[in-house]
**Q** 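First, the structure itself, so that you have it in front of you.
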Number of protein chains: 2
Amino acid sequence: MTATLKDVANRAGVSTSAVSRTFTDGASVSLKMRRKVEKAAAELGYSPNFLARSLTTRRTKLIGLVSNNFHNPIFLQVFDLFTRGLQDRGLRPLLVNLSDEVDPENSLRMLQQYSVDGAIVASSTLPPVFSKAFRDQKLPVVHTFGRYTSSPDVHVVGIDNVEAGRMAARELVERGYKKVAYLGGPQLATSAQDRLEGFERELSQHPDVAQSHSYAAAYSFEAGRAEMLRLLKENPAEAYFCADDVLSIGALSAVKDMGLRVHEDIGIIGLNDMEMSGWENINLTTIHQPIRQIISSSIELMVAMLDEPDRYPEARLFPCRVVERGTLRPRP
Amino acid sequence: MTATLKDVANRAGVSTSAVSRTFTDGASVSLKMRRKVEKAAAELGYSPNFLARSLTTRRTKLIGLVSNNFHNPIFLQVFDLFTRGLQDRGLRPLLVNLSDEVDPENSLRMLQQYSVDGAIVASSTLPPVFSKAFRDQKLPVVHTFGRYTSSPDVHVVGIDNVEAGRMAARELVERGYKKVAYLGGPQLATSAQDRLEGFERELSQHPDVAQSHSYAAAYSFEAGRAEMLRLLKENPAEAYFCADDVLSIGALSAVKDMGLRVHEDIGIIGLNDMEMSGWENINLTTIHQPIRQIISSSIELMVAMLDEPDRYPEARLFPCRVVERGTLRPRP
DNA sequence: GTTTTTTTTGCAACCGGTTGCAAAAATTAT
DNA sequence: ATAATTTTTGCAACCGGTTGCAAAAAAAAC
């Protein structure tokens, strides 16, 4: 059907190697030859088959983009940035959805079968052991939104979740709240654990501030709303740090539903700064995660690893900042 | 590095064909042979290289998933459903982001270079000519959320946008609104045009109802909000049909900002029924698009086309329904 | 136990490319 | 003009698999 190398070689009356070289940059071809080949190729509408090529070059330019987070709106932006960034560098994202109980083993094997050059694991809820499995197969991997540890096994790019927790705590303390709480996502998410740890550690320096914590069943609007409704009926705190904006928005909805006023009666600070947090009818005070930097750094790291597979693993952490909107009482 | 067919053949002391057959279903291998090969394969951790295989089988099981819509939250669900659905059938989505002025020609060539078995174009704003280009290259293609025409060139799966427009108009008329308007997205989106057409056509049967229309600069919260602010300052209608939920939500924000009450002063009906439209603090009355059906049908169609590439093109349209929430006045 | 039929197996060619090597051609030096 | 050097080209093997075909082995029929 589509023209092959051989077809072009025949038409141009040259060897297949000549054609191959014409389409390989850095190869030795005379200008005359190149002209001849390019003419024939154009006439046949030829373009080289990447997969056949990959057999000998051992490079597919395919990058596995693995995630299990297809519900948090922020991930649409994540996919947007990743796909654009990768294709700008001539790489191709092979998307793997780990949502259900897709066997991780299975998806690892699958990526091997397609000979991906590397894998980007974009998730804050996948355990480190998962990305480690890739590394053990000598597959370059970067874990974006991964958990920081002082001696990482694989490359990690993201934020310092402990520090983000501290930041939230400081913010609440500075605004004079005396009874605060953490509202986390599903307990197993390591990122949520870290955020709590930082939150608690910071508060331990302020013994006059009462603290508590609880968990929503999922990182979702509904779960955040349900948990906040429960909390409000019992013995609510003055302000809450929600581990994710989507939880925060659920919580906001619960607060309004109970006839309470946000920021006058109950303060809320989120984390992520997703687009809709800035919408006027939500207007959530939150901690901004520098997504663009995180993603472009992840891609840079991946590109670097393609040339240097045994690169020593590093953790790249980016600082967050508080975005002040309307859901916390003003500073004194 | 990783074990190859030959390695397994050597270790098992059999021919490479035998090994190949063991990993090809429907091939003739004795039980004894299969045992032997499987043992050797397990010991070496072998699994076949899909890309090498594809060279002879001419099937990569790669499907190009092409979209230019990485901003509308509904597309996160779209990607979720597509990736899950495809991988359930042993297919792999190769994601192509057409967001910017990525040359469509270019992405078509790229998909050819990776020998994708087919392409799914998921967008309501890409012109029919785009997906046609794929078909012209004999690449199976389905245009999801494409525009319905009575004689489609390529397979189209989606809704009847004209009918959706009528549905919105009927809904407003039945609720007694006497002055209504359409608020569209960027003018070039064919889907938005069709929705307007249906809207106007239905209203033409109700001469007592005044109608008008205008366009937001983009399918975004901000654009919807800005346009609605402008409209409210001039000579607002009693109710608006917004061509997309994300516009509707922007419009809602504008209405509230102007100190007007939604549904008492201004009615709004959207289209899409994205998750957050159901959130209690938004509570948007909207037209539901049966996304799950649209996507699973798209995948089915793609799978069918893999076996029957010259399948006669069809349009599969799914009916929408109004989801009543709180942004329209109650029926009389 | 033969002969016939069916199943299993290996050989070798092929899928669409790349690449080391040596021969051929073009340059440059003498 | 010839010799030395550099560049360009083609040959042939290879990347990791699949598959038509014929030979070998096993099973069924006689």
Side-chain angles (χ1 to χ4, degrees), chain A residues 1-41 44-62 109-117 137, chain B residues 1-41 44-62 109-117 137:
Chain A
M1 182 92 281
T2 57
T4 73
L5 194 67
K6 217 169 287 180
D7 299 331
V8 179
N10 287 342
R11 177 174 258 264
V14 301
S15 73
T16 60
S17 336
V19 181
S20 171
R21 289 189 178 109
T22 306
F23 286 92
T24 310
D25 24 43
S28 155
V29 223
S30 69
L31 197 64
K32 211 188 302 176
M33 170 70 80
R34 155 157 276 132
R35 289 273 155 71
K36 222 182 339 179
V37 171
E38 277 172 348
K39 180 156 173 292
L44 294 171
Y46 168 79
S47 69
N49 180 327
F50 270 36
L51 303 183
R53 169 181 287 176
S54 78
L55 227 45
T56 40
T57 60
R58 321 195 129 260
R59 280 289 178 89
T60 56
K61 292 182 174 271
L62 248 27
R109 194 173 59 240
M110 184 253 114
L111 289 174
Q112 278 181 166
Q113 292 185 317
Y114 279 97
S115 319
V116 296
D117 289 346
Q137 300 294 323
Chain B
M1 183 90 282
T2 57
T4 73
L5 195 65
K6 218 168 287 180
D7 299 330
V8 178
N10 286 342
R11 177 175 259 265
V14 301
S15 74
T16 59
S17 337
V19 181
S20 172
R21 289 190 177 109
T22 306
F23 286 93
T24 310
D25 25 41
S28 155
V29 224
S30 69
L31 196 65
K32 212 188 302 175
M33 171 69 80
R34 157 157 275 134
R35 288 275 156 70
K36 219 178 347 174
V37 170
E38 277 172 349
K39 180 156 173 290
L44 294 171
Y46 169 79
S47 71
N49 180 326
F50 270 36
L51 303 182
R53 169 181 287 175
S54 79
L55 226 44
T56 41
T57 60
R58 322 198 126 259
R59 280 289 178 87
T60 55
K61 293 184 173 268
L62 249 26
R109 195 174 56 240
M110 184 254 114
L111 288 174
Q112 278 181 166
Q113 293 184 318
Y114 280 96
S115 319
V116 296
D117 289 346
Q137 300 294 321

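In the text below, chain A, chain B and the rest are named by the order of the sequence lines, each starting its count at 1.
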**Q** Starting from P on C:dG17, measure out to CD on B:Q112 and report it in whole angstrom.
**A** 12 Å
**Q** On a heavy-atom basis, which atom in A:T22 and which in A:R34 lie closest, and how many Å separate them?
**A**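 Scanning both residues, the minimum pair turns out to be O-NH2, 2.9 Å.
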**Q** In whole angstrom, what separates B:R58's CZ from D:dG16's P?
**A**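 From B:R58 CZ to D:dG16 P: 20 Å.
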**Q** Can a donor-acceptor pair under 3.5 Å be found between the side-chain atoms of B:R21 and the base atoms of C:dG10?
**A** yes
**Q** What is the distance from atom CE of B:M110 to atom OG of A:S47, rounded to the nearest 0.5 Å?
**A**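 Taking CE in B:M110 and OG in A:S47, the distance rounds to 10.5 Å.
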**Q** Take the protein atom CD of A:Q113 and the nucleotide atom P of D:dT18, then report the distance between them rounded to whole Å.
**A**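 For the pair A:Q113 CD and D:dT18 P, the rounded distance is 11 Å.
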**Q** Nearest-Å distance, NZ (A:K36) to C1' (D:dG10)?
**A** 12 Å
**Q** I'd like to check the side-chain hydrogen bond (donor to acceptor under 3.5 Å, both in side chains) partners of A:T60; sequence neighbours left out, ordered by chain and number.
**A**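 For A:T60 the side-chain hydrogen bond (donor to acceptor under 3.5 Å, both in side chains) partners, ignoring immediate neighbours, are A:D117.
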**Q** Near DNA chain C, counting only heavy atoms under 4.0 Å, which residues of residues 7-20 of chain A show up?
**A**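 Residues of residues 7-20 of chain A under 4.0 Å from DNA chain C: A:S17, A:S20.
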**Q** Take the C1' atoms of the five end pairs on each side of the helix from C:dG1-D:dC30 to C:dT30-D:dA1, derive the two axes, and give their angle rounded to 10 degrees.
**A** 30°
**Q** Measure the CZ-NZ distance between A:R35 and A:K39 for me, rounded to the nearest 0.5 Å.
**A** 12.5 Å
**Q** Report all side-chain donor-acceptor pairs from residues 9-17 of chain A shorter than 3.5 Å, counting only partners two or more places apart or in another chain.
**A**
residue : atom : partner : partner atom : Å
A:R11   : NH1  : A:E43   : OE1          : 2.2
A:S15   : OG   : A:S17   : N            : 3.4
A:S15   : OG   : A:A18   : N            : 3.2

**Q** Of A:F23 and A:K32, whose closest DNA chain C nucleotide lies nearer the 5' terminus?
**A** A:F23
**Q** Atom CZ of A:R59 to atom P of D:dC15: distance rounded to whole Å?
**A** 18 Å
**Q** Which pairs would a plain distance check flag for residues 48-57 of chain B, meaning a side-chain donor or acceptor within less than 3.5 Å of a matching protein atom at least two apart in sequence or in another chain?
**A**
residue : atom : partner : partner atom : Å
B:N49   : OD1  : B:L51   : N            : 2.8
B:N49   : OD1  : B:A52   : N            : 3.1
B:R53   : NH2  : B:F23   : O            : 3.2
B:S54   : OG   : B:L51   : O            : 2.7
B:T56   : OG1  : B:R53   : O            : 3.2
B:T57   : OG1  : B:R53   : O            : 3.1
B:T57   : OG1  : B:R59   : N            : 3.4

**Q** Nearest whole Å is fine: how far is C:dG17 P from B:Y114 OH?
**A**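 Going from OH in B:Y114 over to P in C:dG17 covers 14 Å.
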**Q** Would you classify A:S28 as touching base, sugar-phosphate or nothing, given that sugar-phosphate means primed atoms plus P, OP1 and OP2, and contacts are heavy atoms under 4.0 Å?
**A** base
**Q** Rounded to the nearest 0.5 Å, how far does CE of A:M33 lie from OG of A:S28?
**A**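 So the gap between those two atoms works out to 10.0 Å.
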**Q** Between C1' on D:dG16 and NZ on B:K6, what's the gap in Å once rounded to a whole number?
**A** 8 Å
**Q** Without decimals, in angstroms, what is the distance between B:L31 CG and C:dT9 C1'?
**A** 15 Å
**Q** What are the residues of residues 45-57 of chain B, sorted by number, that bring a heavy atom to within less than 4.0 Å of DNA chain C?
**A**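 Hits under 4.0 Å, by residue number: B:L55, B:T56.
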**Q** Taking all atoms of both residues into account, what is the closest heavy-atom pair of B:T4 and B:Y46, and its distance?
**A**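 For B:T4 and B:Y46, the tightest heavy-atom pair comes out as C-CE1, 3.5 Å.
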